[in-house]
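What follows is one structure encoded as structure tokens, with my remarks underneath.
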Amino acid sequence: MAHSVYPAVTHTDPSGQTKKDFASDVDPRWCPGCGDYSILAQVQKVLPGLGIPKENYVFVSGIGCSSRFPYYMDTYGIHSIHGRGPAFATGIKSQRPDLSVWLITGDGDGLSIGGNHFIHLMRRNVDVNVLLFNNRIYGLTKGQYSPTSQLGTKAKSTPMGSIDYPLDPIHVALGAGATFVARTLDTHLKHLPEILKRGAEHKGTSFIEIYQNCPIFNDGEFVQLTDKTRREDTTLELEHGKPMRFGKQREKGIVLDGSLNPQVVDVAEVGEDRLMVFDETNEMCSLVVSRLTGPDVPTPIGVMRAVERPTYEHLLNEQLTTAGHAAGKGVQDLLNQGKWVVT
Amino acid sequence: MAHSVYPAVTHTDPSGQTKKDFASDVDPRWCPGCGDYSILAQVQKVLPGLGIPKENYVFVSGIGCSSRFPYYMDTYGIHSIHGRGPAFATGIKSQRPDLSVWLITGDGDGLSIGGNHFIHLMRRNVDVNVLLFNNRIYGLTKGQYSPTSQLGTKAKSTPMGSIDYPLDPIHVALGAGATFVARTLDTHLKHLPEILKRGAEHKGTSFIEIYQNCPIFNDGEFVQLTDKTRREDTTLELEHGKPMRFGKQREKGIVLDGSLNPQVVDVAEVGEDRLMVFDETNEMCSLVVSRLTGPDVPTPIGVMRAVERPTYEHLLNEQLTTAGHAAGKGVQDLLNQGKWVVT
Amino acid sequence: MEKGHYRKMDKAVQTVETVAIRFAGDSGDGMQLTGTQFSDTTALAGNDLATFPDFPAEIRAPAGSLAGVSGFQINFSSVAVHTPGDQPDVLVAMNPAALRVNLPDLRHGGILIANSEQFTKKNLKRAGYEANPLEDGTLKNYRVFSADITGMTLKSIEELRLNTRAAVRCKNFFALGLVYWLYNRDMAHTEGWINNKFKEPLLAQANLRALRAGYNFGETTEMFEQHYEVQRAQIEPGVYRSITGNEALGLGFLAAAELSGLGLFLGSYPITPASDILHFLARHKGLGVRTFQAEDEIAAACAAIGAAYAGGLALTTTSGPGLALKAEAIGLAHILEVPLVIVDVQRGGPSTGLPTKTEQADLMQALFGRNGEAPVPVVAPQSAGDCFYTAIEACRIAIRYMTPVLLLSDGYIANSSEPWPIPDMSKIPPIDVQFRTDPEGYMPYQRDKRGARPWAIPGVPGLEHRIGGLEKEDLTGDISYDPQNHERMVKLRSEKVMNVAADLPPTEVFGDESGTLVVGWGSTFGAIRAGVQQMRARGHKIAHVHLRHLHPFKRDLSDVIGRYERVLVPELNNGQLVKLLRSAFLVDAVSLPKIEGQPYKEREIVEALATHLEAN
Amino acid sequence: MEKGHYRKMDKAVQTVETVAIRFAGDSGDGMQLTGTQFSDTTALAGNDLATFPDFPAEIRAPAGSLAGVSGFQINFSSVAVHTPGDQPDVLVAMNPAALRVNLPDLRHGGILIANSEQFTKKNLKRAGYEANPLEDGTLKNYRVFSADITGMTLKSIEELRLNTRAAVRCKNFFALGLVYWLYNRDMAHTEGWINNKFKEPLLAQANLRALRAGYNFGETTEMFEQHYEVQRAQIEPGVYRSITGNEALGLGFLAAAELSGLGLFLGSYPITPASDILHFLARHKGLGVRTFQAEDEIAAACAAIGAAYAGGLALTTTSGPGLALKAEAIGLAHILEVPLVIVDVQRGGPSTGLPTKTEQADLMQALFGRNGEAPVPVVAPQSAGDCFYTAIEACRIAIRYMTPVLLLSDGYIANSSEPWPIPDMSKIPPIDVQFRTDPEGYMPYQRDKRGARPWAIPGVPGLEHRIGGLEKEDLTGDISYDPQNHERMVKLRSEKVMNVAADLPPTEVFGDESGTLVVGWGSTFGAIRAGVQQMRARGHKIAHVHLRHLHPFKRDLSDVIGRYERVLVPELNNGQLVKLLRSAFLVDAVSLPKIEGQPYKEREIVEALATHLEAN
Ligand SMILES: Cc1ncc(C[n+]2csc(CCOP(=O)(O)OP(=O)(O)O)c2C)c(N)n1
Ligand SMILES: Cc1ncc(C[n+]2csc(CCOP(=O)(O)OP(=O)(O)O)c2C)c(N)n1
Ligand code: SF4
Ligand code: SF4
Ligand SMILES: [Mg+2]
Ligand SMILES: [Mg+2]
């Protein structure tokens with residue numbers, strides 16, 4: 001069964017790729033100041049360095065402001081339908097494991113209409129890099145609350161405040177058995193590209209939540225985390241194998257109390273030894289860290305979980321190979337099964 | 001806006017209700033030996049005692065063997081479409097908070113096609129009692145693997161074994177922020193009704209996973225847990241506020257090791273004091289317990305999480321009341337807004 | 001706050017009958033607001049009018065780009081007005097892109113007011129101009145009034161010391177003031193609105209000053225030698241308001257709830273151009289409305305069905321792609337036989353298509369987009385104000401016949417507005433609701449003479465019953481695989497839907513009793529009616545029938561159509577109603593399609609009719 | 001293992017032309033297996049034949065209940081056979097419920113073989129019999145052979161000491177053996193099959209013994225005085241196999257993959273009666289097939305579109321409710337213009353309907369069930385074997401025209417089987433695939449003379465491009481809101497689909513050149529053809545055209561239809577194709593609907609035609 005029709009191509013040399021190669025000639029159409037611009041720039045910066053020929057990238061998205069992303073990348077791409085991006089990505093990667101598939105989604109696209117495809121992508125561990133632009137609002141449809149909007153959010157469809165408790169995308173991803181889970185910030189120009197790179201290198205579904213500011217409908221939602229003067233006190237940069245410290249002088253740390261609840265402590269007081277050591281391969285550790293939220297604790301950013309598990313397309317390919325060895329010569333053999341001759 | 005058309009009814013007295021009142025005159029159509037029979041019997045046994053007049057129960061289901069359940073209950077009911085049960089239940093309960101709404105679903109109905117509605121029901125905390133009959137297979141469509149089927153399951157659509165890593169319904173529910181999460185067994189005639197009762201009493205979405213045997217397409221999937229001779233060694237009955245012990249003589253216990261991983265220990269050896277104490281209101285505790293799986297540890301059954309949070313329909317009602325006070329007299333006032341007179 | 005401080009007019013005033021003005025600028029320029037203010041004032045002045053807001057794509061385009069142009073057109077007159085007007089007489093272009101996009105529509109000899117400040121090299125390039133059209137003679141066929149609107153605005157509010165960004169934003173009010181002067185309008189309404197809207201007194205001040213500065217500029221500048229006046233129209237005396245289609249739908253459903261005594265439940269998922277109905281109803285929880293923003297369209301429809309089963313007046317609103325997703329749920333509602341209204345505010349398709357543009361291409365989907373035999377009544381409003389009555393009628397049918405009903409609106413009537421005589425709720429017949437309460441002899445699928453089954457809601461003792469999507473035994477509703485029963489049930493359900501026609505008044509025919517019949521539906525009403533009037537004026541024998549009921553058709557429609565020699569069917573699609581008419585009546589009806597994401601213009605209707613009528 | 005140990009025949013043998021036998025019993029009784037064995041043996045014996053398995057509802061009903069009855073009918077003959085037969089000549093009823101459900105169909109004077117052991121009080125009651133029909137004279141119009149099949153089975157395998165449950169399960173082979181004797185069949189095929197199937201030698205032994213005991217019982221009992229023989233049919237010499245529609249579809253898609261050199265991708269979600277295609281293809285990963293059981297139908301379709309974009313031969317299979325869910329994705333595939341085949345194995349609707357029964361009620365959904373103008377080619381196979389060729393043709397069209405194609409099968413052809421001449425792969429023309437590789441002048445939406453755009457797949461340097469669901473600029477594929485462009489694109493896409501008709505051969509007409517034309521589509525082929533033959537034999541001027549192409553129609557169809565005075569359209573729905581014909585050709589075509597979840601019988605067709613032809 002040689003599939004001989006596929007074009008035999010000579011791949012471009014990825015070592016010479018630059019950021020410019022990844023910018024399409026379409027002008028981005030986001031509002032001035034939208035966090036999406038910054039994410040786009042970082043992706044365009046990181047991609048050339050991954051050693052993958054440009055023609056092997058495919059960007060898939062659903063519908064939303066964020067989902068316009070593929071148009072601005074000079075790669076292959078599909079701007080699909082609302083919420084179904086994970087399914088398109090699964091089809092592409094299953095059929096063509098040689099491609100580097102990226103999925104761009106929003107908090108509405110990925111967790112409202114698309115929530116089911118999202119969890120099934122994760123559990124299957126298809127090797128797709130998922131960037132969820134979480135602005136906690138519906139941008140494209142002009143300002144309704146989303147599944148990640150905080151309780152009480154006053155938006156167009158909730159003039160009296162939202163009454164649905166929000167989903168945390170990280171909790172959902174961990175609940176679905178994701179093998180790579182991370183969080184970063186649209187304007188953290190050091191952190192964002194690092195995490196993108198880690199995600200790209202991970203074999204399996206890499207889920208990256210990016211807190212993204214929507215200056216038009218939900219301005220300042222993450223300002224306490226992104227504001228450079230406060231950032232070090234309000235966020236906790238996770239480092240695998242390291243005790244969990246944060247603060248301008250890294251003076252604060254996290255310990256677990258008797259009820260397994262994380263507490264902020266003064267490192268000088270308790271000593272670094274007592275701090276919780278972060279282990280991205282330990283599920284309990286990931287779960288505990290993922291629940292760090294609230295005014296009194298820092299918001300964790302960075303890779304929250306990274307473990308290896310065979311990817312969906314790998315297992316599929318294996319089955320094709322195994323079955324191929326056992327199979328007959330072709331369709332005619334199959335047709336002939338159970339035949340009889342009339343003379 | 002008096003909604004005067006609604007029938008003014010005199011409710012039946014729930015104190016006299018019996019199991020028989022809840023059995024419809026339709027003969028159940030499940031295969032001989034199906035675990036669904038046992039669950040049906042227990043539900044019919046528990047309901048009369050909940051103090052709710054029979055006419056106030058509504059059973060909603062999707063499609064699947066399990067989803068035929070409502071036909072066998074002499075209550076109100078909708079056998080709806082595949083996977084969408086949570087949405088019907090949400091509509092009913094939002095419109096009529098006075099009703100006791102029960103959702104019957106399967107592992108395919110609830111977590112394959114219906115996974116998204118499932119997580120959104122949980123996060124909204126609509127006061128619905130969800131019973132997920134998990135037989136780890138598609139029964140009604142005659143034996144395809146389901147999202148909870150173990151890796152490598154050979155079923156009709158996976159003759160070479162399934163390659164999708166399964167979802168754990170409990171993990172998904174916790175990831176969605178469920179306020180009540182429990183697990184029980186189809187034929188555990190003491191445990192099952194207790195858990196049903198707890199679930200019914202909980203205000204908010206009560207999620208109960210029931211391991212259910214499908215003797216036709218997946219026989220014996222849970223036999224190590226349900227078999228009376230082994231049950232006490234293979235399952236761990238959770239008790240709020242109690243140290244976690246199990247075994248025929250309750251001789252074994254659970255401790256957390258330094259990496260937060262639960263370990264089985266000999267209670268006599270380590271002493272009961274060192275055992276992990278189960279707290280259903282502590283999220284970390286619920287998460288840790290939910291990850292107890294594998295051949296070396298017992299499978300937890302019982303209530304894994306139970307916390308209070310205002311229900312969706314309660315908050316909705318509050319908004320209606322608040323707005324009602326501020327509102328005008330009726331639609332005519334609204335129509336008149338911005339009016340001018342032409343003479 | 002001070003009012004009315006603008007200069008006395010002393011220039012000549014010329015009276016004109018009908019004027020169409022288009023305000024056009026960048027998405028950020030506030031053109032929708034400007035247009036709405038002008039409309040309201042015009043309505044108060046007693047003109048008949050129609051408006052058409054034309055949004056850019058959902059997402060914000062770069063400032064100054066062609067894609068970012070937002071327009072608002074108003075057509076006002078001292079005689080009756082049917083459409084927002086074909087070719088504007090006045091174009092206000094706040095930047096080069098707005099000029100480029102809209103100039104082709106401006107009538108030759110029309111007035112162009114341009115904000116010269118925006119005609120910079122950069123902006124010209126963005127709009128694709130090589131040279132400045134204000135200077136290179138391109139505009140010789142128009143009356144061009146080019147002025148530094150930005151500069152004059154800033155000047156007028158200098159003393160308030162606003163930051164520049166805020167100050168520049170006042171320029172739309174300058175432009176509005178200028179146009180008010182041009183059409184001799186009283187500004188009191190807008191002044192009142194500004195005072196109300198801007199809580200910050202400084203901002204209110206600034207906008208008021210800009211408004212008046214614009215007005216005064218008109219009065220003093222030498223550019224304009226005269227201004228114009230449109231006399232009051234002969235409008236039926238009464239109480240009016242301005243209304244858009246989406247508002248009218250929202251109000252219609254609130255009215256239906258009040259008329260029926262039921263609690264309104266809306267399950268919806270945001271989608272352009274339907275979202276505003278959700279926004280509107282969410283603001284009226286005080287009237288007992290429960291709005292539920294679902295996780296997707298499927299859940300929205302299913303929740304509504306749940307609410308209907310539980311005794312609510314259940315509604316789900318969406319646009320084309322969302323309707324596709326609700327197909328399975330609507331099929332269930334059909335076989336369950338529960339009352340449910342589904343609103344589809346149609347937009348340009350297929351797929352995501354042209355989300356902010358209008359189209360009528362979901363008709364076949366509405367009729368046939370479900371598995372199996374699952375007919376439902378389909379109705380369509382013909383104007384913004386008509387949405388109110390159509391909403392009530394849809395609810396009435398749903399309840400009376402225990403059936404889902406599809407209401408097809410579209411992006412054009414959803415957003416366009418018109419002066420609308422406010423209905424008197426006490427004159428609208430109540431919607432009769434009969435919940436079953438008697439357990440004696442109760443059978444869930446026993447039908448009344450119309451074919452409707454009883455509505456028995458949870459909570460009533462003795463009526464406990466189960467319903468579902470499997471075929472049901474006649475009367476009892478038990479599951480049945482019996483072949484004859486299935487055929488009977490399919491036919492009973494279908495006949496019940498056909499019975500809706502029994503309640504309907506005869507078809508209204510406008511125009512001649514023979515000759516050519518133009519059949520339309522939905523939002524094309526105004527353009528077709530005006531076009532047919534023009535053709536009659538030219539001496540053609542021609543008539544217009546506009547269908548509000550797409551399924552079932554009115555019973556006399558066959559006879560009506562039979563009276564004409566020729567049937568022409570203008571639609572904003574590739575020919576859908578025409579298929580239904582051909583199939584139902586074996587008439588060689590001819591399609592006049594327009595598939596541009598834009599409403600039909602009167603002129604286009606006239607031209608399309610003329611090709612057929614004047615060629616032979 | 002021993003073979004052929006059954007007694008020599010010495011009773012009289014009577015030759016008959018055509019026989020229909022129905023095996024009926026409880027779901028657990030193995031009737032499908034029994035029927036399939038009889039069919040295979042009959043095919044090997046050289047008869048023409050057709051079969052029809054009639055499953056109970058998906059879920060297992062209580063043993064002995066009416067709902068649990070499972071049937072399998074085979075019609076075999078020494079002349080050509082078109083359908084599984086109207087009225088069985090022989091009914092094998094393994095229990096009272098099977099008798100009650102199937103007796104109404106048994107021809108008067110037909111043979112009834114009943115397992116008397118099952119006619120207990122309890123079972124009779126479950127089946128709704130007050131008295132034992134074997135004894136109370138009810139069956140006087142039939143030739144009743146009542147025997148204790150269970151008891152004789154147990155007796156025959158006594159010495160093997162199986163547990164009772166396993167032993168009782170052999171009784172279907174006893175019945176099969178008896179029927180083999182009755183029709184003088186060679187049992188070698190079934191014996192071979194048993195030896196192969198039962199890995200456990202004891203079970204194989206038991207079933208073999210039961211089979212032979214049944215045969216011997218026929219030979220020895222006094223009940224039967226004679227047995228029958230159906231001569232070989234005049235079958236075209238060649239290599240044959242037995243095939244069901246679902247198998248043929250699976251094989252057809254495998255063949256299309258081989259003929260095109262593409263890798264096959266199937267995205268599917270289980271649903272009756274389509275699941276077997278997924279099961280079949282999942283077993284052939286060795287041929288490079290990637291099957292993906294998605295989380296739902298939407299994901300299944302979307303994954304297939306992704307695979308198509310990536311260069312796979314993409315397929316998604318479902319049944320009615322699943323097609324409704326795929327609507328939005330199909331609309332996207334239409335506007336993207338990617339090749340995709342969607343299979344809908346129709347079942348009884350609406351909603352969940354009658355999931356195991358057959359119907360043709362998704363035709364309108366297939367044509368129109370999407371938002372906006374989104375036409376796609378629609379094809380339908382006319383028999384089990386024809387599914388193979390239709391699958392290949394659907395793939396060919398999808399690739400040649402870069403379009404989604406809808407293939408409408410149904411529950412009847414999906415499961416029924418027929419002897420089928422095995423195609424020679426080397427004689428089927430290859431499917432030409434041209435992937436774009438040259439970046440020079442590449443434009444994603446530039447069309448070839450057929451209107452198809454180039455297929456440019458990821459991985460090829462220089463062809464990087466983005467596609468999506470928003471309206472596209474002609475040629476470039478960039479997003480465009482331009483009104484004229486939208487109209488052009490809608491028309492280009494629609495014309496491209498219409499162009500499919502250019503490749504099609506002329507319509508085949510069976511029968512007379514004028515008079516009455518019967519137009520059908522899909523699985524009703526056999527019944528209609530037979531019915532029309534009978535009407536011709538009665539002297540009517542009548543012809544039959546069976547449509548494989550539902551959209552676009554063949555170009556000569558208008559002329560063909562124009563030649564006839566009367567057009568009749570039998571369909572398993574409430575009249576769908578008839579609407580399309582009326583609309584397209586303004587012909588007063590009359591619908592002959594059957595909506596019972598059952599295929600048309602020859603007799604019913606004849607009766608329906610007769611009402612129209614013999615009344616006038
Ligand atoms: C089937 C369907 N339903 C609804 C919509 C309308 N819609 C487009 S984007 C969107 C939500 C966007 O929110 P999010 O995913 O958070 O993206 P953002 O715009 O915030 O980046 C919605 C509801 C649609 N296009 N298709
Ligand atoms: C839209 C739709 N897709 C598919 C089906 C077919 N279907 C019915 S039930 C089912 C899965 C049942 O599995 P599960 O939910 O685990 O229930 P069980 O039968 O095992 O109790 C499927 C795929 C359907 N009825 N509707
Ligand atoms: S609406 Fe918000 S998210 Fe969308 S482009 Fe504008 S700023 Fe960005
Ligand atoms: S198939 Fe399995 S789950 Fe379904 S009724 Fe039978 S035993 Fe129960
Ligand atoms: Mg968002
Ligand atoms: Mg299951």
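A, B, ... follow the sequence lines: proteins, then strands. Residue 1 opens every chain. Treat the numbers as computed from the prediction; the structure is a model and nothing was measured.
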Any A:Phe207 side-chain heavy atom under 4.5 Å of A:Pro169 side chain | yes

Chain A heavy atoms under 4.5 Å from C:Ser268: which part of the residue, side chain, backbone, both or neither?
-> neither

Name the member of A:Pro147, A:Pro159, A:Ser162 that forms the most heavy-atom pairs with chain C at distances under 4.5 Å.
-> A:Pro159

Portion of A:His82 that has a non-hydrogen atom of chain C nearer than 4.5 angstrom | side chain

So, the part of C:Phe280 with a heavy atom under 4.5 Å from chain A: the answer is neither

Please confirm whether C:Phe72 and C:Phe52 have ring centers closer than 6.0 angstrom.
-> no

How about C:Ser417 and C:Thr244: does a side-chain donor come under 3.5 Å of a side-chain acceptor?
-> no

Would you kindly check if the NZ (Lys) or CZ (Arg) of A:Arg305 is within the cone defined by 45 degrees around the ring axis of A:Phe180 and under 6.0 Å from the six-membered ring centre?
-> no

Ring-face cation of A:Arg29 near A:Tyr72 (centre distance under 6.0 Å, axis angle within 45°) | no

Proximal component of C:Ala299, with respect to chain A [non-hydrogen, under 4.5 Å] = neither

Of the backbone (N, CA, C, O) and the side chain (C-beta and beyond), which part of C:Leu325 lies under 4.5 Å from a heavy atom of chain A, both, or neither?
-> side chain

Sort A:Ile163 into side chain, backbone, both or neither according to what part of it lies under 4.5 angstrom from a heavy atom of chain C.
-> neither

For the residue pair A:Trp102 and A:Tyr76, is the inter-centroid distance of their aromatic rings smaller than 6.0 Å?
-> no

